[in-house]
Each structure stands twice: as structure tokens, then as C-alpha cells.
Participant: 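Mind looking over this structure? Questions follow.
Counting begins at 1 with the first residue of the sequence. Since the model is a prediction, treat every value here as computed from it, not as a measurement.
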Amino acid sequence: QVQLVESGGGLVQPGGSLRPSCAASGSIFSINAMGWYRQAPGKQRELVATITSGGWTNYADSVKGRFTISRDNAKNTEYLQMNSLKPEDTAVYYCNADVFLPRVGELRTYWGQGTQVTVSS
């Protein structure tokens, strides 16, 4: 059983920074891509950033230059460094991970419980 646990969200003023993390635990042999998504009230869930096992990254246009995704493979943990935060960044942020399950020979996506990020003065 695989579980992703998020932490590090909170309330911050515009221009501030946060660095939530997402730790995967359980029967994990390898993790391919990891990522962060967010969902604001009344809006669709959207991709924020992704990172491959080799460190290749991809970002939504709205966060390019402000957010940085990273991962620590030894700890099965990913991070999202969020700088220059804006009110429109307010959302619940969800992490995910594509975990390879060798016993069944397939890749399965797991999701964290979400962490609230609120940017307000």
C-alpha cells in the first residue's frame, strides 16, 4: 500500500514564499514522474509542475519563473518551492506520484490528501 502525505501549506502574504513537501511511503520500489496540481473553488484542477525520475521538469505558464519543483529520491519526497506568491495562487495543492508496481507490472498514480495554500493580505 502506498501513501502520499503532504505538509507545508499555509497562509502567506502576497510576495511571500512557501515550500510544501510530499512524502511517499509504503511498498515502493521505484517512482517515475512526480507532480503538483492545484484546485481553486469553482475551478478545474490544473497542473502546476511535474518532474521525472531523472530531474526533467515542466511547469504551467502561470507559475514559470516563480515555482520550482524538486525531489529527493532517497527519501521518496518531492517539494514545491513557491516564491513571489500571488492571490491567484490560492488553492488546494495536491501532489501525485507514478509508482511502479513490479508484482503486477504496472504503473499506478497515487495522490496526496491536499494542502491548503492561501495568499492574502
Side-chain angles (χ1 to χ4, degrees):
Q1 197 72 36
V2 177
Q3 185 177 22
L4 272 59
V5 179
E6 302 177 35
S7 63
L11 174 65
V12 66
Q13 293 186 340
S17 298
L18 285 172
R19 195 182 190 232
S21 63
C22 174
S25 62
S27 300
I28 299 173
F29 290 93
S30 65
I31 301 176
N32 289 351
M34 305 183 79
W36 289 91
Y37 292 74
R38 67 186 182 186
Q39 187 168 25
K43 295 188 176 182
Q44 298 271 21
R45 183 180 64 181
E46 65 175 349
L47 172 71
V48 176
T50 58
I51 184 168
T52 69
S53 60
W56 294 92
T57 59
N58 184 53
Y59 298 92
D61 288 340
S62 60
V63 306
K64 285 182 179 177
R66 299 188 298 120
F67 291 10
T68 303
I69 187 171
S70 62
R71 61 191 288 173
D72 185 334
N73 291 329
K75 297 180 179 180
N76 289 327
T77 300
E78 64 175 315
Y79 307 89
L80 186 66
Q81 179 67 53
M82 302 185 290
N83 298 325
S84 301
L85 283 163
K86 305 174 181 179
E88 50 263 45
D89 294 319
T90 296
V92 177
Y93 284 69
Y94 298 91
C95 65
N96 77 343
D98 294 331
V99 180
F100 181 67
L101 306 176
R103 294 181 186 273
V104 294
E106 68 178 25
L107 203 63
R108 185 171 297 175
T109 300
Y110 291 88
W111 291 88
Q113 81 282 1
T115 185
Q116 177 70 49
V117 171
T118 302
V119 185
S120 176
S121 59

Participant: In terms of relative ring orientation, are Phe67 and Tyr93 parallel, tilted or perpendicular, with 30° and 60° separating the classes?
Facilitator: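 If you compare the ring of Phe67 with that of Tyr93, the planes turn out tilted.
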Participant: Which value, rounded to the nearest 0.5 Å, describes the distance between Ile31 atom CD1 and Asn73 atom CG?
Facilitator: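 If we round to the nearest 0.5 Å, Ile31:CD1 and Asn73:CG are 7.5 Å apart.
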Participant: Could you tell me whether Asp89 and Lys86 have a side-chain N and a carboxylate O separated by less than 4.0 Å?
Facilitator: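 Here Asp89 does not pair with Lys86 in a salt bridge, since their nearest N and O are not under 4.0 Å apart.
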Participant: Taking Tyr59 for the side chain and Ile69 for the main chain, is one N or O donor matched with an acceptor at less than 3.5 Å?
Facilitator: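 The answer is yes, because a donor-acceptor pair under 3.5 Å joins these two groups.
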Participant: Do Tyr110 and Met34 belong together in a cluster built from hydrophobic side chains that touch within less than 4.5 Å?
Facilitator: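 Yes; tracing contacts between hydrophobic side chains, which count when under 4.5 Å, links both residues.
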Participant: Once you round to the nearest 0.5 Å, how far does OH of Tyr94 lie from SG of Cys22?
Facilitator: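 SG of Cys22 is found 13.0 Å from OH of Tyr94.
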Participant: As an exercise, state the distance from CZ of Arg38 to CD of Gln44, rounded to the nearest 0.5 Å.
Facilitator: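 Between Arg38 CZ and Gln44 CD, I get 14.0 Å after rounding to 0.5 Å.
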Participant: As an exercise, state the distance from OH of Tyr37 to OG1 of Thr50, rounded to the nearest 0.5 Å.
Facilitator: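 Those atoms lie 7.0 Å apart.
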Participant: Hey, could you give me the CZ/CG distance between Arg108 and Leu101, rounded to the nearest 0.5 Å?
Facilitator: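 Atom-to-atom, Arg108:CZ and Leu101:CG are 5.5 Å apart.
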Participant: If you define the side chain from C-beta out and look only at heavy atoms, does anything of Asn58 sit under 4.5 Å from Leu47?
Facilitator: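 Yes; the side chains approach each other to less than 4.5 Å.
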Participant: Would you indicate whether the side-chain heavy atoms of Thr90 and Glu88 approach each other to under 4.5 Å?
Facilitator: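 No, their side chains stay 4.5 Å or more apart.
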Participant: For residues 6-15, run the donor-acceptor check on the side chains, cut-off 3.5 Å, and write out each pair with its distance to 0.1 Å, sequence neighbours left out.
Facilitator:
| unit_1 | atom_1 | unit_2 | atom_2 | d |
| --- | --- | --- | --- | --- |
| Glu6 | OE1 | Thr115 | N | 3.3 |
| Glu6 | OE2 | Cys95 | N | 2.9 |
| Glu6 | OE2 | Gly114 | N | 3.1 |
| Ser7 | OG | Ser21 | OG | 3.2 |

Participant: Does NZ or CZ of Arg45 come closer than 6.0 Å to the centre of the six-membered ring of Trp111, within 45° of the ring's axis?
Facilitator: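 Yes, Arg45 sits over the ring of Trp111.
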Participant: Could you tell me if Asn83 and Ser17 have a donor-acceptor pair between their side chains, going purely by distance under 3.5 Å?
Facilitator: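 A pair is found: one side chain offers a donor N or O, the other an acceptor, under 3.5 Å apart.
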Participant: Is it true that Val104 and Leu107 fall in one hydrophobic cluster, defined by side-chain heavy atoms closer than 4.5 Å?
Facilitator: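 Result: no, two separate clusters.
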Participant: Please report the shortest heavy-atom distance between Ala91 and Gln116, naming the atom on each side.
Facilitator: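 Looking at all heavy atoms of both residues, the closest pair is O-NE2, 3.4 Å.
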Participant: Would a distance-only check, ignoring hydrogens and angles, find a side-chain to backbone donor-acceptor pair under 3.5 Å from Arg71 to Ala33?
Facilitator: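 A pair under 3.5 Å: no.
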Participant: Answer yes if Met82 and Tyr79 sit in the same cluster of Ile, Leu, Val, Met, Phe, Trp and Tyr residues linked by side chain heavy atoms under 4.5 Å apart, and no otherwise.
Facilitator: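 No, Met82 does not connect to Tyr79 through the hydrophobic network.
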Participant: Hey, what do you get for OG1 (Thr109) to CG (Asn96), rounding to the nearest 0.5 Å?
Facilitator: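 Answer rounded to 0.5 Å: 6.0 Å.
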Participant: Using modelled atom types only, decide if a donor and an acceptor are shared between the side chain of Ser120 and the backbone of Thr118 within a distance under 3.5 Å.
Facilitator: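 No; judged by distance alone, with no hydrogens or angles, the pair does not exist.
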Participant: Less than 4.5 Å apart, any side-chain heavy atom of Glu106 and any of Phe100?
Facilitator: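 No, side chains not in contact.
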